[in-house]
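Just below is one structure, and these are the notes that go with it.
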Amino acid sequence: MKIATFNINGINTRLGALLEWLRREQPEVVCLQELKAPEEAFPVEAIAGAGYGAIWHGQKSWNGVAILARDADPVEIGRGLPGDPDDTQSRYIEAAAHGVIVICLYLPNGNPQPGPKFDYKLAWMDRLLVRARHWIDSGQPVVMAGDYNVVPTDEDIYNPKSWRKDALLQPESRERYQQLLDQGWLDALRHVFGEERVYTFWDYFRQHWERDAGLRIDHLLLNAELAPRLRAAGVDRWVRGEPKPSDHAPTWIELGPAKRVARKAAPPKTPARQTTTRRARSAT
DNA sequence: ATGACGTGCGATGCACGA
């Protein structure tokens, strides 16, 4: 089962590209960010025609997030990140889909820094830490996917020098991302790629795509219930190479099947010897 | 130090992104 996150940068502008990517890659679950469309402008028919059910949280001009599920309807759990009733930006939505709790987020950019936008980013991350704590101990398999607008380390950018003052690289942003990992979330891309460089975003300037001058800012974090199922991860770079692309590429994980839950009627009367075997789990 | 590019809004340049 493939779960992907993709900052589409305008869902109606790039609807053709989205449908082509869905057709070719067939992910079971998709998290989209930067719809840049109000609620009523979401192209629900076209996406249904591609075989996907969807829930979305739109907003005029900016932001906007959605969760798609192949041959299924995502069951919405909540929309809007709790913790600030005055926050009107559409950046967060939760659903159950294909047996997994899926959190789709579009973390604030935070530039320019310092300033009120950076303050908003850090406050948003503090609220996310609270919500993430709720989910990590839920006992459910959870993936928290999206555009985090955080370059976790200097190994996640082609060259940090010209980005030192950018909100994406600030210690305050990185500390909070690290606090998520410290809760027990697994950074799936980094886990699978190890020391290898991997980027998910290339800005439109200075031929950064052509030079592979990228950043890794789209992340999929897995809790301990889900992490053992991690089999592979990747970036669909071909999407970034198409005409008129988003500046992000779809970023995904591949999961193995869910472990079957035994529902036998009764345990054996005589306790057998402990024969439970534990397979090595690469993702724990 | 700035801008390079791109999108939405809506009609012109501006806000915003990263």
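Below, all heavy atoms of this structure are taken into account, side chains as well, without hydrogens, waters or symmetry copies. Numbers restart at 1 for each chain; the letters A, B, ... are given by sequence-line order, proteins then strands.
A distance of about 13 Å separates the C1' atoms of B/dA18 and B/dA4, rounded to the whole Å. Going from the P atom of B/dG6 to that of B/dA11 covers 24 Å, rounded to whole Å. The gap from the P atom of B/dC16 to that of B/dG10 amounts to 14 Å, rounded to the nearest Å. For B/dG17 and B/dG3, the C1' atoms lie 15 Å apart once the distance is rounded to whole Å.
Here the two rings, on A/Tyr177 and A/Tyr148, have centers that are under 6.0 Å apart. For an aromatic pair to be called close, the ring centres must be under 6.0 Å apart, and A/His57 with A/Tyr92 fails this.
Using a distance-only test at 3.5 Å, with no hydrogens or angles considered, no donor-acceptor pair links the side chain of A/Glu155 to the main chain of A/Arg197.
The phosphate of B/dG6 (OP1 or OP2) has no side-chain N or O of A/Arg14 nearer than 4.0 angstrom. Close to B/dA18, at under 4.0 Å from its OP1 or OP2, lies no side-chain N or O of A/Lys117. A close approach under 4.0 Å does not occur between any side-chain nitrogen or oxygen of A/Ser61 and OP1 or OP2 of B/dT7.
Spacing between atom CG of A/Leu215 and atom P of B/dC5 amounts to 19 Å, rounded to whole angstrom units. The interatomic distance linking A/Leu35 (CG) with B/dG17 (P) rounds to 15 Å, in whole Å. Atom NE2 of A/His208 is separated from atom C1' of B/dG17 by 15 Å (rounded to the nearest Å). Across the protein-nucleic acid pair, A/Ile8 atom CD1 and B/dG8 atom P stand 11 Å apart, rounded to whole Å. A straight line from CD of A/Glu34 to C1' of B/dC16 spans 9 Å, rounded to a whole angstrom. Nucleotide B/dC5 holds its P atom 10 Å from the CZ atom of A/Arg206, rounded to whole Å. As a whole-Å value, the separation of A/Gln89 CD from B/dG17 C1' is 12 Å. For the pair A/Asp247 CG and B/dC16 P, the computed distance is 17 Å after rounding to whole Å.
Here A/Asn111 lies in heavy-atom contact (under 4.0 Å) with a base. A/Asn7 comes within 4.0 angstrom of the backbone, heavy atoms only, and of no base. A/Asp147 comes within contact range of the sugar-phosphate backbone alone, with a heavy-atom separation under 4.0 Å but no base atom that close. Across all strands, A/Tyr106 comes closer than 4.0 Å only to sugar-phosphate atoms, never to a base (heavy-atom distances).
A stacked arrangement is not assigned to A/Tyr204 and the six-membered base ring of B/dG6, the conditions of a centre distance below 5.5 Å and an interplanar angle below 30° not being jointly met.
Here B/dG17 is the nucleotide among B/dA18, B/dG17, B/dC9 with the atom lying nearest to any side-chain atom of A/Arg91. Among B/dG10, B/dA4, B/dA18, the nucleotide with an atom closest to any side-chain atom of A/Lys60 is B/dG10. Closest to the A/Trp62 side chain, of the nucleotides B/dA15, B/dC9, B/dG3, is B/dA15.
Side chain to side chain, A/Asp236 and A/Trp252 meet the donor-acceptor criterion of an N or O pair below 3.5 Å. Under 3.5 Å, the side chains of A/Asp166 and A/Asn111 contain a donor-acceptor pair of N or O atoms. A side-chain donor-acceptor contact under 3.5 Å links A/Asn9 and A/Tyr204.
In terms of position along DNA chain B, the nucleotide closest to A/Ile11 lies nearer the 5' end than the nucleotide closest to the other residue of the pair A/Ile11 and A/His248.
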